[in-house]
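Have a look at the structure below, then the notes.
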Number of protein chains: 2
Amino acid sequence: MELRTLRYFVAVAEELHFSRAAARLGISQPPLSQQIKALEEELGGRLLVRTNRRVALTAAGELFLDEAREVLARAERASRLVSRLGRGESGQLRIGFTTSVPLTPLLPRTLTHYRQRYPDVDLRMHELNSQRQIAPLLEGDLDIGIMRPATLPPELSAFTLIREPLVAVVNAQSELGASDTPLSLAELATQPFVYFSPAAGTGLLDQFNVLFAQRGLTPRLVQEVGGPNTIISLVASGLGVSLLPESFRHIHIDNVRYRPISDADARSEVWLTHPRHHLTPQAQHFIQIVREAIAG
Amino acid sequence: MELRTLRYFVAVAEELHFSRAAARLGISQPPLSQQIKALEEELGGRLLVRTNRRVALTAAGELFLDEAREVLARAERASRLVSRLGRGESGQLRIGFTTSVPLTPLLPRTLTHYRQRYPDVDLRMHELNSQRQIAPLLEGDLDIGIMRPATLPPELSAFTLIREPLVAVVNAQSELGASDTPLSLAELATQPFVYFSPAAGTGLLDQFNVLFAQRGLTPRLVQEVGGPNTIISLVASGLGVSLLPESFRHIHIDNVRYRPISDADARSEVWLTHPRHHLTPQAQHFIQIVREAIAG
DNA sequence: GTCTTTGATATCCTTTAGATATCATTCAGG
DNA sequence: CCTGAATGATATCTAAAGGATATCAAAGAC
């Protein structure tokens, strides 16, 4: 017994007429008669009484009609549900992101598009620093990570979403805060620094260290903190200077001034990171949309 | 999508191993891979992730596994239910019978056998006189009628279950009640008669009329009654004589004596009547068993 | 009685499922 | 790091099942 058989039987039971049912099914009448006959043989009893040019259901046929409809409905429902899920039109999408990412227009814009295109996907956003996104990505607890550059295990793959210059964060009342002109890293390194602690897990710290090390500079850290907002606050209070991606310019705080960096390699990136293989369809769609947003 | 596809998918999802699943299904591995692939294409998404010699379910696959099991279970249930009903192992059987029938051992014996063989059939016995069984038989409200000979419409068919002699029912105190020897219809016809009214609907009345008319006898009816028990009671009270099938001998009432009839054609029959075509399987089985009981 | 309707039957063809042989990938173990 | 076993994918062929066409048989309708 196959679903086709059930579809055929339901058609005949509804039309009570083999030829009409066959036309409805888009097949010719003889195979339909044969299929019904085979079904009756398999079940071991008549489902239809073919009498004097009239077709009627037996008691068994009545019962089977109900049951067959039920089975077909369930099968169709299963197909629909799984199809939607498999096509990434439902289900969920779990995205990790760092603090700085919502400051750029790219992510909000992408999320808006994605929501419009896939309104039935349950979108779960998790604010996590770069390091803390890696384990969930590996374990399948996160589908996509949006993070600063980091050393990734080979199971993860990434591409650059945003490339932005670094800017100096200085106190407006301080010596360096007197101007808006570009500043070199060497100049900046003369000042006491407020920066992330290694425990903060951000990829920016690595970049920071590399940049200064390449120039033989060792800035004096006066305070290690956990988050960029704290950095900016402490700069505002005059504790020292800092170096952050340009998107933090969106954070306006009294007494804080952002100055461009003249060094050409003082740039930072935002990565989209994902498991190298076996992306969920939802994640594939998200990546598709984010790529469109970058291109457009 | 067919049930076979679902069975295949469930096997793979349970084994998480194509070759083992194929072995379990009794097919070889390549067609199984192809069927799963085709299923995934139809649904528009992956159900299984084939990674490094390990097979795992996707989210869509997990969902589809549940759904597929459900569909298969329902289909099997439908098949089982309908099969039982269609084979006459469940459902119901409605039998009409006249008053005299339970007096013979045939019907109780047949019912016992039938119940043993088909314990799940809902057996409904309706005590109805011969005439009143015809309409329900025609309209499908009765599957089988057990009745006295009657004129049947062509849609009904009958065969003889029991052939039994008629006996005179006489009052023990009366002149005819003095002996047990055979009596002729002519002798009996000299006495006042107690018999069925035409409204009683019994086939016996027709036979009665024919028997006497053939001999040019016109017995004097002193009382028309509705049922055989009333006839016997009235004979007991001395109102007259009567003529009944031998099975009524089982009814022992004081002052009533049964005497054989010497006329060879003074016999009656019990018929099993049924719709000529389209017997339900339950009815077919009952007829089969009743025939065995007659033969054995 | 003849014609039309309608399901069943017979035969052939097309499609699809399944078998066999082989390949590609991966991972275990030396 | 290389070799070999394990395992799913691919290619090709065969067998079976589904479906089409032609025709028949039974039963009402006129």
Side-chain angles (χ1 to χ4, degrees), chain A residues 1-43 45-58 61 65 68 72 153-155 157 275-278, chain B residues 1-43 45-58 61 65 68 72 75 138 153-155 157 275-278:
Chain A
M1 194 173 70
E2 293 297 333
L3 290 178
R4 177 193 16 248
T5 328
L6 301 188
R7 288 185 208 106
Y8 287 5
F9 173 73
V10 169
V12 175
E14 282 175 357
E15 298 285 344
L16 291 176
H17 193 288
F18 277 74
S19 305
R20 274 201 301 275
R24 197 175 103 183
L25 293 165
I27 64 172
S28 59
Q29 170 263 317
L32 180 57
S33 293
Q34 286 182 339
Q35 290 288 325
I36 299 293
K37 189 180 159 198
L39 175 62
E40 287 179 327
E41 272 164 20
E42 182 184 343
L43 294 173
R46 299 244 110 172
L47 297 172
L48 295 160
V49 190
R50 294 83 152 167
T51 169
N52 316 350
R53 65 173 31 190
R54 192 174 293 178
V55 175
L57 287 166
T58 63
L65 176 57
L72 289 171
E155 292 88 350
S157 171
R276 188 176 297 277
H277 311 294
H278 317 308
Chain B
M1 193 174 72
E2 293 296 335
L3 290 178
R4 175 189 23 242
T5 327
L6 302 188
R7 288 185 209 104
Y8 287 6
F9 173 73
V10 170
V12 175
E14 282 174 357
E15 299 285 346
L16 291 177
H17 193 290
F18 278 74
S19 305
R20 273 202 300 276
R24 197 175 104 184
L25 292 165
I27 63 173
S28 59
Q29 169 261 319
L32 180 58
S33 293
Q34 287 182 338
Q35 290 288 323
I36 299 294
K37 189 180 158 196
L39 174 63
E40 288 180 325
E41 271 164 21
E42 182 183 342
L43 293 174
R46 300 244 109 171
L47 297 172
L48 295 159
V49 190
R50 293 84 151 168
T51 168
N52 317 352
R53 63 173 35 187
R54 192 174 294 178
V55 176
L57 287 166
T58 63
L65 177 57
L72 288 171
L138 289 172
E155 292 88 350
S157 171
R276 186 174 299 277
H277 309 295
H278 316 307

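Order of the sequence lines sets the chain letters (A, B, ...), proteins ahead of strands, with each chain counted from 1.
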When the distance from [atom1] of [X] to [atom2] of [N] is rounded to whole Å, what number comes out?
X: Glu42(A); N: dG18(D); atom1: CD; atom2: P; answer: 11 Å
X: Leu32(B); N: dT16(C); atom1: CG; atom2: P; answer: 19 Å
X: Glu2(B); N: dT16(C); atom1: CD; atom2: P; answer: 12 Å
X: Leu25(A); N: dG7(C); atom1: CG; atom2: P; answer: 13 Å
X: Arg46(B); N: dG8(D); atom1: CZ; atom2: P; answer: 13 Å
X: Lys37(B); N: dG18(C); atom1: NZ; atom2: P; answer: 16 Å
X: Phe9(B); N: dG8(D); atom1: CZ; atom2: C1'; answer: 16 Å
X: Leu3(B); N: dT16(C); atom1: CG; atom2: P; answer: 18 Å

Any [X] side-chain nitrogen or oxygen under 4.0 Å from OP1 or OP2 of [N]:
X: Arg50(A); N: dA8(C); result: yes
X: Ser33(A); N: dA8(C); result: yes
X: Ser19(B); N: dA6(D); result: no
X: Gln35(B); N: dA17(C); result: yes

Query raised in the report: What do the steps show when you test Glu2(B) against Arg7(A) for salt bridge (Lys or Arg N to Asp or Glu O under 4.0 Å), and what is the final call?
Result: CA-CA 11 Å; Glu2(B) 293 296 335; Arg7(A) 288 185 208 106; 3.4 Å; yes
Out of [options], which nucleotide sits closest to the side chain of [X]?
X: His17(B); options: dT6(C), dT7(D), dA10(C); result: dT7(D)
X: Pro31(B); options: dA19(C), dG8(D), dA8(C); result: dA19(C)
X: Val55(A); options: dG7(C), dG8(D), dT21(D); result: dG7(C)
X: Gln34(A); options: dT11(C), dG18(C), dT20(C); result: dT11(C)
X: Phe18(A); options: dG7(C), dG19(D), dG8(D); result: dG7(C)
X: Ser28(B); options: dA9(D), dA19(C), dA17(C); result: dA19(C)
X: Gln29(A); options: dG7(C), dA9(D), dA17(C); result: dG7(C)

Query raised in the report: Any ion pair linking Glu155(B) and Arg276(B) (charged N to carboxylate O, less than 4.0 Å)?
Result: no
Query raised in the report: Does Arg20(B) pair with Glu14(B) as a salt bridge, N-O distance under 4.0 Å?
Result: no
Query raised in the report: How about Leu57(B) and Leu65(B): do any of their side-chain heavy atoms sit closer than 4.5 Å?
Result: yes
Query raised in the report: Are Arg50(A) and Ile36(A) side-chain neighbours, meaning at least one heavy-atom pair lies under 4.5 Å?
Result: yes
